[in-house]
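Not measured: the values here are computed from a predicted model. We're numbering straight along the sequence, starting at 1.
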Amino acid sequence: MAKSLLNSSFSNKSILFLQGPIGPFFCRLAKDLQAQNNRVYKINFNGGDYFFFPKASNYRESIEKFPEFLLNYIHTHQIDTVVLFGDCRPIHCVALNTIKNLDLDVFVFEEGYLRPDHITLEQVGVNGNSLLPKTAEYYAAQTAQKIEPVSKIGNAFWHAASYAIAYYIFANLCKPWFPKYQHHRSLHIKEGWYWIKGTWRKHFFAWRERGLEQRLSQTLKKHFFLVPLQLNNDAQVTHHSEFDSVTEFISSTIKSFAQHAPADTFLAIKHHPYDRGHHDYTKLIDHLAKKWQISNRVFYIHDQRLPLLLQNARGVVTINSTTGLSALYHHAPTKVCGDAVYDIPGLCYQGDLNDFWSDAAQFEIDPVLYSKYIAYLEQRCQVNGNFYRRIKNTGNYAGLNLSRENFL
């Protein structure tokens, strides 16, 4: 699975896996860790976890009793390292709070900051909990590093979708064995229907929005602002921003745009591809556009090519989506409305959103700072790979090195 999973400084460890990404990634990672003379343990919390990692311990009690169970488990198995995916899941919040004063190494996986060809791996926390410095001076002082070429992953949507469907099916089938488990998202069997509905909507929106990509990249080039939406229940929104929901963000952004943006500019609100089957903001956006009398200046879009949109946008407004890093790559001025690891002076606009609409045309990203920042991310916390699909021509999911010196 991994071309350089661990070096000799990371062996003979006793490692505990909590919840991982949907799919077999943690199971395969465990095998590689065991091959490097590590002892690997896993705790499952529902039938979906069990399906992808059957040789593990199963926790069937309430979340309130988990701290006692976890402390006993760590003591019994002499755990010195904990690995998990996503540090804002309720069960992980409890776990991290329980072990915060223990002498343990904690590694947190997350979807990559530099997508689609990387995954994130940091010590202690990710996103708003990351230990990455957020001052321009820190990165400016770094020695310029060559960014190494990466292996391309390709489209992993259908791999993720198939794993998700299997996960939800087994989570429901095994619910009697995990009666007290509360997932961070809905685990209802109807989730499979949402994926099917999302596929149908993809074709419907492609038909409804035909010709719009060409208009945005040609006629309206540099005259529109792109607003990439995030998953409605994304921890980035609920934990690392002042917004209670994506709906609130949409309302706030449209109001600001209507009141402060130049009259010759437009707003393109792009739906998150993985949220297509769950939410449709058409009525909300139409209502708000009419309310603020800008119906002819607002577009609600879905599957247009993101690089093309970023290249032609006057600016990008996001809560804290990793699309913001893609925007910087394409030299699109970016305003972050939440807490993001890349919201750094010299990279992102630091003024108020109301002023961004007028200031974006003159805002310039520091190219040297950007290069140093991206090189630092790749060296410290980005791993070329994917949770759901193997790297082309290698058979690997990721090349991981969990040695302590590679982290902050």
Side-chain angles (χ1 to χ4, degrees), residues 114-116 155 202 204-230 249-250 252-273 276 281-282 285-286 288-290 292-337 340 342-343 346-371 374:
L114 304 178
R115 300 182 197 178
N155 188 350
K202 178 181 176 68
F204 170 73
F205 288 129
W207 173 82
R208 191 178 74 175
E209 298 163 13
R210 60 194 185 281
L212 190 51
E213 181 181 276
Q214 183 178 13
R215 185 180 176 191
L216 289 170
S217 61
Q218 296 180 10
T219 309
L220 299 182
K221 181 176 182 178
K222 299 302 179 182
H223 281 275
F224 74 93
F225 291 90
L226 180 65
V227 181
L229 300 182
Q230 293 164 244
F249 170 65
I250 293 172
S252 175
T253 302
I254 289 179
K255 177 182 177 181
S256 176
F257 177 82
Q259 294 180 336
H260 301 281
D264 65 341
T265 58
F266 297 77
L267 195 65
I269 301 174
K270 187 178 187 300
H271 199 88
H272 192 288
R276 192 189 302 110
Y281 299 111
T282 300
I285 293 173
D286 286 348
L288 292 170
K290 290 177 182 177
W292 295 106
Q293 300 180 347
I294 54 171
S295 294
N296 62 333
R297 297 171 58 199
V298 178
F299 303 105
Y300 180 35
I301 63 178
H302 289 77
D303 293 291
Q304 289 74 16
R305 290 171 292 175
L306 187 58
L308 188 65
L309 295 175
L310 295 173
Q311 291 166 13
N312 292 286
R314 179 176 296 190
V316 174
V317 177
T318 178
I319 299 178
N320 42 31
S321 170
T322 52
T323 298
L325 279 167
S326 298
L328 299 181
Y329 172 81
H330 291 287
H331 310 291
T334 301
K335 169 59 185 173
V336 174
C337 299
Y342 57 85
D343 188 16
L347 296 182
C348 295
Y349 180 81
Q350 299 298 302
D352 189 80
L353 176 61
N354 293 341
D355 299 322
F356 177 70
W357 311 111
S358 296
D359 293 348
Q362 290 77 43
F363 181 80
E364 294 184 2
I365 300 164
D366 184 334
V368 176
L369 179 63
Y370 171 79
S371 296
I374 296 301

Asker: Asp366 and Leu369: which non-hydrogen atoms are nearest, and at how many Å?
Answerer: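 Taking Asp366 first and Leu369 second, the nearest heavy atoms are OD1-N, 3.1 Å.
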
Asker: For a 4.5 angstrom cut-off between non-hydrogen side-chain atoms, does Leu309 reach Ile301?
Answerer: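 Yes, their side chains come closer than 4.5 Å.
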
Asker: Do Val336 and Tyr342 have side chains that approach each other closer than 4.5 Å (heavy atoms only, starting at C-beta)?
Answerer: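 A side-chain contact exists here, since the closest heavy-atom pair is under 4.5 Å.
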
Asker: Is a donor on one side and an acceptor on the other found under 3.5 Å between the side chain of Arg297 and the backbone of Leu267?
Answerer: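 No; zero donor-acceptor contacts below 3.5 Å.
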
Asker: Do side-chain atoms of Gln230 reach the backbone of Ser321 as a donor and acceptor pair under 3.5 angstrom?
Answerer: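 Answer holds: yes.
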
Asker: Identify the two heavy atoms, one from Trp357 and one from Pro262, that lie closest to each other, and give their separation to 0.1 Å.
Answerer: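 Closest approach of Trp357 to Pro262, heavy atoms only: O-CD, 3.6 Å.
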
Asker: Between atom CD1 of Ile250 and atom CG of Leu229, what is the distance when rounded to the nearest 0.5 Å?
Answerer: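 It is 4.5 Å, given to the nearest 0.5 Å.
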
Asker: Side chains of Ile254 and Ile294: closer than 4.5 Å at any heavy-atom pair?
Answerer: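 Side chain of Ile254 against side chain of Ile294, heavy atoms only: contact under 4.5 Å found.
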
Asker: Among Thr318, Ile365, Leu347, Thr323, which residue meets the side chain to side chain contact (heavy atoms under 4.5 Å, CB included) test with Thr334?
Answerer: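 Going through the options one by one, the only one that passes is Thr318.
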
Asker: Got a sec, which residues hit salt bridge (Lys or Arg N to Asp or Glu O under 4.0 Å) with Arg276, two or more places apart in sequence or on another chain?
Answerer: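 Here the qualifying residues are Asp303.
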
Asker: May I ask you to test the Phe266-Leu216 pair for a side-chain heavy-atom distance under 4.5 Å?
Answerer: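 They are not in contact (no side-chain heavy atoms under 4.5 Å apart), so the answer is no.
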
Asker: Within the structure provided, determine whether Ser358 and His260 are in side-chain contact (heavy-atom separation under 4.5 Å).
Answerer: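 Side chain of Ser358 against side chain of His260, heavy atoms only: no contact under 4.5 Å found.
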
Asker: Evaluate the side-chain proximity of Phe356 to Ser256: yes if any heavy-atom separation is below 4.5 Å, no if none is.
Answerer: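 They are not in contact (no side-chain heavy atoms under 4.5 Å apart), so the answer is no.
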
Asker: Ignoring hydrogens and angles, tell me if any N or O in the side chain of Lys335 forms a donor-acceptor pair with the backbone of Gly351 under 3.5 Å.
Answerer: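 The answer is yes, because a donor-acceptor pair under 3.5 Å joins these two groups.
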
Asker: Which distance, rounded to the nearest 0.5 Å, do you find between the CZ of Arg208 and the CZ of Arg210?
Answerer: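 It is 11.0 Å, given to the nearest 0.5 Å.
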
Asker: Starting from the C-alpha separation in whole Å, work towards a yes-or-no answer on side chain to side chain contact (heavy atoms under 4.5 Å, CB included) for Leu306 and Lys270.
Answerer: CA-CA 9 Å; Leu306 187 58; Lys270 187 178 187 300; 4.2 Å; yes

Asker: How close do Asn320 and Ala340 get, heavy atom to heavy atom, and via which atoms?
Answerer: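 That closest heavy-atom pairing would be CB-CB, 3.8 Å.
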
Asker: Tell me the closest heavy-atom pair linking Ala360 and Arg314, and the distance in Å.
Answerer: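 Nearest heavy atoms, Ala360 then Arg314: CB-O, 4.0 Å.
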
Asker: Could you tell me whether the side chain of Glu213 and the main chain of Arg305 form a donor-acceptor pair under 3.5 Å?
Answerer: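 Yes: the side chain of Glu213 pairs with the backbone of Arg305.
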
Asker: So which heavy atom on Ser217 is nearest to which on Asn312, and how close?
Answerer: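 In terms of heavy atoms, the two residues are closest at O-OD1, 3.4 Å.
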
Asker: Does the side chain to side chain contact (heavy atoms under 4.5 Å, CB included) test come out yes or no for Gln350 and Asp343, once each step is laid out?
Answerer: CA-CA 8 Å; Gln350 299 298 302; Asp343 188 16; 3.0 Å; yes

Asker: Quick one: does Tyr329's side chain get under 4.5 Å of Ile374's, heavy atoms only?
Answerer: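 Counting from C-beta outward, Tyr329 and Ile374 never come under 4.5 Å.
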
Asker: To the nearest 0.5 Å, tell me how far Ile319 CD1 sits from Phe249 CZ.
Answerer: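 Ile319 atom CD1 to Phe249 atom CZ measures 5.0 Å (nearest 0.5 Å).
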
Asker: Within this structure, what is the OH-NE2 distance for the pair Tyr370 and His331, rounded to the nearest 0.5 Å?
Answerer: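 It comes to 8.0 Å.
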
Asker: So Glu209 and Tyr300, side chain to side chain contact (heavy atoms under 4.5 Å, CB included) or not? Walk me through it.
Answerer: CA-CA 9 Å; Glu209 298 163 13; Tyr300 180 35; 5.7 Å; no

Asker: Could you give the side-chain donor-acceptor pairs of residues 218-227 under 3.5 Å, partners two or more places apart or in another chain?
Answerer:
residue: Lys222; atom: NZ; partner: Gln311; partner atom: O; Å: 3.1
residue: Lys222; atom: NZ; partner: Ala313; partner atom: O; Å: 3.4
residue: His223; atom: ND1; partner: Asp264; partner atom: O; Å: 3.4

Asker: Testing His272, His271, His302 for ring-ring contact (aromatic ring centres under 6.0 Å, His included) with Tyr281, which one passes?
Answerer: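 Testing Tyr281 for a ring-ring contact (aromatic ring centres under 6.0 Å, His included) against His272, His271, His302 leaves exactly one candidate, His271.
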
